[in-house]
*Asks:* 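This structure is in structure tokens; I'll ask about it shortly.
First listed ligand is number 1; within each ligand, the first listed atom is number 1. Residue numbers count from 1 along this sequence.
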Amino acid sequence: MEVFVTAGPEEAARRAARVVIEAVAESVAAGRAPVVGLATGSSPLGLYKELALAVDRGQVDFSEAYGFALDEYVGLPAGHPESYREVLVAEVCRRVGLAPERLHVPDGSGRNESELAAGAARYEELIRGVGGIDVQILGIGRNGHIGFNEPGSSLTSRTRVKRLSSRTRADNARFFESLDDVPTHCVTQGLGTVLEARRLLLVATGASKAPAVAAAVEGPLTASCPGSVLQFHADALVVVDEAAAAGLRNREYYDESAAGL
Ligand code: GLP
């Protein structure tokens with residue numbers, strides 16, 4: 001795992017954008033359509049803006065790329081502005097020129113467990129069908145969740161329906177009119193699914209993320225902190241600003257490593 005600590009969120013966004021741009025270039029060089037795993041939440045928004053600027057400068061092109069969302073709420077009507085499909089169309093597709101038809105999002109429209117399970121299985125097939133995800137962008141919840149894999153999620157889990165924790169629902173209530181409007185369930189890529197991406201890129205900024213970042217990067221590999229699965233991946237990058245890095249004990253070594261060979 002590599003850890004990059006930046007002075008602030010803007011620099012974190014620029015550093016993370018470079019990683020995505022490199023991954024896209026590598027896929028194109030290998031003759032494959034780039035496949036980018038997309039996260040919602042506020043953490044990657046700066047990164048998406050930087051990617052849009054890079055597109056404008058002609059440094060990267062997403063017209064042939066596929067996007068795969070990490071997760072989706074269950075039960076929101078199609079077109080709901082807070083559905084992760086709509087959020088990603090607005091924040092990513094429109095900004096970087098990724099065609100909405102090439103954006104795949106887990107299917108949260110199933111009316112019961114078996115329909116949702118069938119949709120989740122189709123999602124896994126879709127990811128396999130494009131040859132896997134080149135770079136998976138991740139945020140992290142204050143309780144250590146990635147995607148919507150709440151603490152206790154199996155480290156080998158696949159895309160499936162999950163209940164949201166009350167803490168996550170409270171955190172996400174700011175996007176809805178009231179807490180009661182926040183869905184209770186979601187469909188999320190599993191931790192095993194996430195681990196199959198060729199590269200993982202976690203972005204976290206701000207003091208509220210410091211405990212989760214410390215637990216994910218330096219705590220034990222445990223289902224109690226789903227973000228700790230990054231330790232189990234051969235090519236995982238963590239980009240954090242000073243505030244989010246505050247709980248890291250091994251900071252000096254990360255800075256030395258970031259200085260290069
Ligand atoms: C949501 C998303 C996660 C995201 C997390 C943190 O629960 N499902 O993918 O990482 O929130 O969000 P934020 O970046 O806004 O703190």
*Asks:* Would you call K162 and E150 a salt bridge, taking side-chain N to carboxylate O under 4.0 Å as the test?
*Replies:* no
*Asks:* Check this for me, if you would: do D171 and R142 make a salt bridge, where the nitrogen-to-carboxylate-oxygen distance has to be below 4.0 angstrom?
*Replies:* yes
*Asks:* Any donor-acceptor pair under 3.5 Å linking the side chain of R169 with the backbone of L179?
*Replies:*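 Side chain of R169 to backbone of L179: a pair is present.
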*Asks:* Applying side-chain hydrogen bond (donor to acceptor under 3.5 Å, both in side chains), name anything that partners R158, two or more places apart in sequence or on another chain.
*Replies:* E124, E196
*Asks:* Check ligand 1 for N or O atoms under 3.5 Å from a protein N or O and list each pair with its distance.
*Replies:*
| from | atom 1 | to | atom 2 | distance (Å) |
| --- | --- | --- | --- | --- |
| ligand 1 | 7 (O) | H145 | NE2 | 2.9 |
| ligand 1 | 8 (N) | D71 | OD2 | 2.8 |
| ligand 1 | 8 (N) | G147 | O | 3.2 |
| ligand 1 | 10 (O) | I140 | N | 3.4 |
| ligand 1 | 14 (O) | S42 | N | 3.2 |
| ligand 1 | 14 (O) | S43 | N | 2.8 |
| ligand 1 | 14 (O) | S43 | OG | 2.5 |
| ligand 1 | 15 (O) | S42 | N | 2.7 |
| ligand 1 | 15 (O) | S42 | OG | 2.7 |
| ligand 1 | 15 (O) | R174 | NH2 | 3.1 |
| ligand 1 | 16 (O) | K209 | NZ | 2.5 |

*Asks:* Restricting to pairs with a member in residues 97-116, which pass salt bridge (charged side-chain N to carboxylate O under 4.0 Å, His left out), not counting sequence neighbours?
*Replies:*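 Residue pairs passing salt bridge (charged side-chain N to carboxylate O under 4.0 Å, His left out), neighbours aside: D107-R122, R111-E115.
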*Asks:* With Y84, which residues qualify under ring-ring contact (aromatic ring centres under 6.0 Å, His included), at least two apart?
*Replies:*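 Applying ring-ring contact (aromatic ring centres under 6.0 Å, His included) to Y84 gives Y73, F148.
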